[in-house]
Amino acid sequence: MPLHLYNTLTRQKEEFKPLHEKYVGMYVCGPTVYGHSHLGHGKSYVAFDVIVRYLRYLGYKVTYVQNITDVGHLLGDTNEGEDRLLKASRLEQKHPMEIAEHYTRSYFEDMDALNVLRPDISPRATGHIVEQIEMVKELIAKGFAYEANGSVYFDVHKFHDYGKLSGRTVGELEAGARVEVKSEKRHPADFALWKKADPEHIMRWPSPWAEGFPGWHIECSAMSMKYLGESFDIHGGGLENQFPHHECEIAQSEGATGKPFVKYWLHNNMVTVDGQKMGKSLNNFTTLKDAFKKWKPETIRFFILQSHYRSTLDFSDEAVDAAGKGLDKLGNTVRTVRERMKSATDPGTTAPIDLARHKAAFLAAMDDDFNTPQALAVLFDLSREVNQFLAAEASPSLSSLQHIDALYRELAETILGLTFDDTRGDSSDALILDGLMGLILDLRKDIRAQKMYALSDKIRDTLKAMGIVVEDKKDGTTTWRKGQ
RNA sequence: GGCGCCGUACCCAAGUGGUAAGGGAGAGGUCUGCAAAACCUUUAUGCCGCGGUUCGAAUCCGCGCGGCGCCUCCA
């Protein structure tokens, strides 16, 4: 079955057919960098990371663009509203660009920890003011936008497809209670392309209209089309950006070019806490940095992949703990396979496991709109069979183990981005740790041989308290690994 | 008020017409000096409720109840 994905634009699953064979242009709305990233960001970017990884696995050459929004959006729909970056700037007594740089680094640090591959291009909004201004000029020239008092607005009545992504109509929007009427605008639903800056506004650029800053939605249109072309394959983002952000992007982009903007719109759902959305404005978020103090980043990634990207994911300590144990279960199998490979030879007992069947089931799950929970279930099924094999066979063949290991690498590591080798590294500290653990376990082996179990148990318990799990295997060997 | 989504075991969570995946937790067992890991057995005759369509529904339709998202910056 070929890859199918759910397209918000058509509200159904569609077979994926890129605009150009073997090439995929993909843009995902990145973070606004005025604070540390939280679990919600984690869910979003892990989800799109898996999508990129899977497209590449299928053989597509993917250009993945994800912006960094380093110019603030206003808090409210009025000129009096303060933008978020400026607010952080004032609170932290730093220049806005310093704030942006600081949290951009923080963002990548967290994403690296989650094993999220970096985008091919991470364009900054402030680095593309020229492109944004050019686009606004084009929209004015084509009659889609108008200037009012130094600001420029998009006239939603001029773009007849407005509402096609979110399923709304301009009429509904104007009847809606929450659309604020602003005198500068011709219609309440019109949105800003360029805003004239107040005298105290720090981030400002010259423009043909008034010195000011770009509107809320124009950066994504300008940057995505600059790097991916006027029409491209996939645009992703959080569900909450479907309207108005993405709706406005379509209007601006298609208004300016007269061409279809994006073929497939993908939206990921929210992380919730007690059933409520985790968000910056609700102040109920857990930052990734805080989560990493409690759980391994791999656990957070696994937790995220245990639910579908279009489903909400309810966060609780209990749920993440459970995910961590599940990941350990998978990891134990993989690590045991790798351990056994060291002493295995050919010929030996061949594993009676249909690896091709498991692989096909895994890929079928991924082909069905990136169903990672289903794909993980396949890995657990595989693990059970592998564990049965390992438990029953004293001398499994090396080639069997290699095939099993290769499958985990292909599916779990390459596609899902999970990692299992957490005990070894090549830093000098890791080498010292390896050496020390070897020494301790060697001594403990002698102690156990003398049946001094109280002492050997004390060593094991103490290491456990330090976060190192020691396991005595049935065959007399002892292994260790870092725990949660 | 408008648009939309969701409600599956103690918890998390797939499944969207063919007779309930997976993980965690719990119970019993095997193995082990013990512990852990692993394996085996077990835990929803039922998927919010009530109707309807169908040979057949958790899955489709209607009504009701409960929860949530968007309409304002937000992954």
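Worth knowing before you read on, the calculation uses all heavy atoms, side chains too, and leaves out hydrogens, waters and symmetry mates. Chain letters run A, B, ... following the sequence lines, proteins first, then strands; residues in each count from 1.
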**Prompt:** Does a nitrogen or oxygen in the side chain of Q66(A) sit under 4.0 Å from OP1 or OP2 of A75(B)?
**Reply:** no
Short heteroatom pairs, N/O only, protein and nucleotides 13-17 of chain B, under 3.5 Å:
| from | atom 1 | to | atom 2 | distance (Å) |
| --- | --- | --- | --- | --- |
| A13(B) | OP1 | D314(A) | N | 3.4 |
| A14(B) | OP1 | H308(A) | N | 2.7 |
| A14(B) | OP1 | S311(A) | OG | 3.0 |
| A14(B) | O3' | N371(A) | ND2 | 3.1 |
| A14(B) | O2' | Q374(A) | OE1 | 2.7 |
| G15(B) | OP1 | N371(A) | ND2 | 3.2 |

**Fill in**
Sorted by chain and number, sequence neighbours left out, salt bridge (charged side-chain N to carboxylate O under 4.0 Å, His left out) with D155(A) holds for K158(A), R186(A)
**Fill in**
T126(A) meets the side chain to side chain donor-acceptor pair (under 3.5 Å) criterion, sequence neighbours left out, with D70(A)
For nucleotides 2-10 of chain B, which of its nitrogen or oxygen atoms have a protein nitrogen or oxygen under 3.5 Å away, and what is each distance?
| from | atom 1 | to | atom 2 | distance (Å) |
| --- | --- | --- | --- | --- |
| G2(B) | N2 | R168(A) | NH1 | 3.2 |

What protein N or O atoms touch nucleotides 25-32 of chain B N or O atoms at under 3.5 angstrom, if any, and at what distances?
| from | atom 1 | to | atom 2 | distance (Å) |
| --- | --- | --- | --- | --- |
| C31(B) | O2' | K474(A) | NZ | 3.4 |

**Prompt:** Excluding sequence neighbours, so at least two apart, what forms side chain to side chain donor-acceptor pair (under 3.5 Å) with H102(A)?
**Reply:** none
**Complete:** Residues at least two apart in sequence or cross-chain that pass side chain to side chain donor-acceptor pair (under 3.5 Å) with S456(A), listed by chain then number, are none
**Asked** Got a sec, which residues hit side chain to side chain donor-acceptor pair (under 3.5 Å) with Y107(A), two or more places apart in sequence or on another chain?
**Response** Q66(A)
**Asked** Which pairs count as salt bridge (charged side-chain N to carboxylate O under 4.0 Å, His left out) when at least one residue sits in residues 237-246 of chain A, sequence neighbours excluded?
**Response** none
**Message:** Taking salt bridge (charged side-chain N to carboxylate O under 4.0 Å, His left out) as the definition, give me every residue that meets it alongside K280(A), ordered by chain and number, with sequence neighbours left out.
**Reply:** none
**Request:** Go through the structure and list residues passing salt bridge (charged side-chain N to carboxylate O under 4.0 Å, His left out) with E14(A), not counting sequence neighbours.
**Result:** none
**Message:** For the base of A75(B) and the side-chain ring of Y45(A), does the geometry meet a stacking cutoff of under 5.5 Å between centres and under 30° between planes?
**Reply:** no
**Item:** Pairing residues for R460(A) by the salt bridge (charged side-chain N to carboxylate O under 4.0 Å, His left out) criterion, not counting sequence neighbours
**Value:** D457(A), D472(A)
